[in-house]
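Order of appearance sets the numbers: ligands from 1, and atoms from 1 within every ligand.
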Amino acid sequence: MLPLHRSLPPLLRRDLLRLFANGAAAGPVVRLDAAGFRLLQVNAEPLMRDILLDKDRCYRKGSLMRRLAAVTGEGLLINDGERWKRHRRLANPALTAGSLPRYVPAMRRAIAQTIERWRHEGTGAGPRDLVTELSRTTLVSLLDSIFGLRLKGDRLDGRLARVSGVIHALLDDLVRRGSSLLAPPLAWPTPANRRFRRRIAEANAILDQIIAARRRDLADSDEPADLLGQWLLQRRRDSSHFSAEEMRDELMTMLIAGHHSLAIALAWALYHVAREPGLQAALQSETEAGRDLPHRLEDLDQLPLTRGVLLEALRLYPQPPILLREAIADHALGGYRIRRGDQLLLSIPTLHRDPLHWPAPECFEPRRFDGFNADAMMQSHHLGFGGGPRSCIGRRFAMLEGVLVIAQLIQAFRLRPATPDTAPVPPRFAGMLVPAAPLLVHAEPR
Ligand code: HEM
């Protein structure tokens, strides 16, 4: 058990990152019990590998993850067992490497719109907050590639604006809840909980309308470039595919799982690029030479530095930094006795900043990923997309879009930090590893 003088001060200050750092210094497995749960922080890589891969049958996502069910229903992020297997099998074909090129036009439209807006507003608009900006870019891209909802000119059309408003508000709420292990259960009738539930109901109603409209639009001969269109066509051919309600849960899951994670990772990546002119120049040469790339996942091999920037951002700022599992049976893990019901917190920053695997672990050094095998990340000590059967289903999508965003923005703008001489902004735990202060940069057109 972590001694009280090391656990209480960070808990009182709501500094969960400090709490996990103290836990990491205390041993491979450390108890941090809180909020009525037996919580075990896991810090050693072999144990993480056991949990995610070799002994994955001893675990499920569990009670802490199920708090998300209020938003995602029984979607992939939180479900388990046979239901999870079926959902993963049905969702997967639309997210394989071979399916990705169909989403690239949507990704490009979203990035082009960001570039146009930044150019139009000019440098007079002052420094840009990277998290806000990239949240908008990645949400517009996801709504286009998931639902086929497009921007009209550079304006959000009515439905897009409503979905985007509700999703942003929901994510803000989730981040606030994620900052505290002690958030009151959603069933309690607090004003914040009532507001949260109203937003979920509104988001679900909008998603139902979008699904119904897309179903009406879709012809059997279409080759849809959106995830929803593909799922709906598959359902016409095979009635055992996702039901309307399952589809809604999975669409919400994709939005919640795919939006913030990518936006925040990209914000950290571009923030570091802005702070390092030498890196930025090298990145610009690489992306100029590869001008229009990437179109497909294989093209990332031709942009190794750009890909390295994204992987390095995910190493230093893994999203989410803690993976949660619940033990479903008593068993031994390494030399530790795990009891049924234990909640395990896999501390990814501990692994990602371990000097044994990552020389100079605190430095932002994308070239360390030269020759890296992105298909075997867990073997290379990188758990940025998790590992084992429950690893991220959207990881190829995220890598392709992430590299595309960095490549296109660096070709269009020279980034400069708004406060060049200060120490880098530190991360803060809020479910995700968000910046403790806004990541502000100036973007000068090239
Ligand atoms: C940089 C961006 C992303 C990061 C860092 C990321 C990270 C992760 C991680 C670490 C997991 C494993 C969670 C666990 O083991 O508990 C995960 C799962 C998942 N991710 Fe991602 N993700 C990203 C983008 C996306 C995108 C774009 C989508 C969808 C289009 C997506 C959908 C999912 C889903 C559905 C799961 C649950 C998979 C399952 O349990 O079968 N993610 N993600």
Contact region, Leu323 to ligand 1, non-hydrogen atoms below 4.0 Å, reads side chain
Nearest-neighbour protein heavy atom for atom 12 (C) of ligand 1, which is reported as residue plus atom name and distance: Arg390 O, 3.7 Å
Are Arg337 and Asp330 close enough for a salt bridge, meaning some N to O gap below 4.0 Å? no
Select one of side chain, backbone, both or neither to describe which atoms of Arg395 lie under 4.0 Å from any atom of ligand 1, heavy atoms only. neither
Whether Trp231 and His241 hold their rings parallel, tilted or perpendicular, with breakpoints at 30° and 60°: tilted
Kindly indicate, with the supporting measurements, whether the criterion salt bridge (Lys or Arg N to Asp or Glu O under 4.0 Å) is fulfilled by Glu246 and Arg86. CA-CA 11 Å; Glu246 287 170 338; Arg86 175 172 165 269; 3.0 Å; yes
Student check: side-chain heavy atoms of Arg248 and Ile211 closer than 4.5 Å: yes
So, 4.0 Å and heavy atoms of Arg325: is ligand 1 close enough to count as a contact? yes
Whether Lys61 lies under 4.0 Å from ligand 1, heavy atom: yes
Checking heavy-atom distances from atom 20 (N) of ligand 1 to each of Cys392, Pro318, Pro389, the winner is Cys392
Nearest-option assignment for atom 25 (C) of ligand 1, heavy atoms, candidates Gly258, Pro320, Gly387, Gly402: Gly258
In this structure, atom 32 (C) of ligand 1 is nearest to the protein heavy atom Ala257 CB, 3.6 Å
Determine, considering heavy atoms only, which of Gly386, Gly394, Ala263 sits nearest to atom 10 (C) of ligand 1. Gly386
Flag Gln319 as yes when one of its N or O atoms lies below 3.5 Å from any N or O atom of ligand 1, and as no otherwise. no
How about Phe369 and Trp358: are their ring centroids closer than 6.0 Å? yes
How far is atom 39 (C) of ligand 1 from its nearest protein heavy atom, and which residue and atom name does that atom have? Arg88 NH1, 3.3 Å
Taking the six-membered ring for Trp, are Trp268 and Tyr317 parallel (under 30°), tilted (30 to 60°) or perpendicular (over 60°)? parallel
Any carboxylate oxygen within less than 4.0 angstrom of a Lys/Arg side-chain nitrogen, looking at Arg109 and Asp144? yes
Do the charged groups of Arg38 and Asp342 touch, with an N to O distance under 4.0 Å? yes
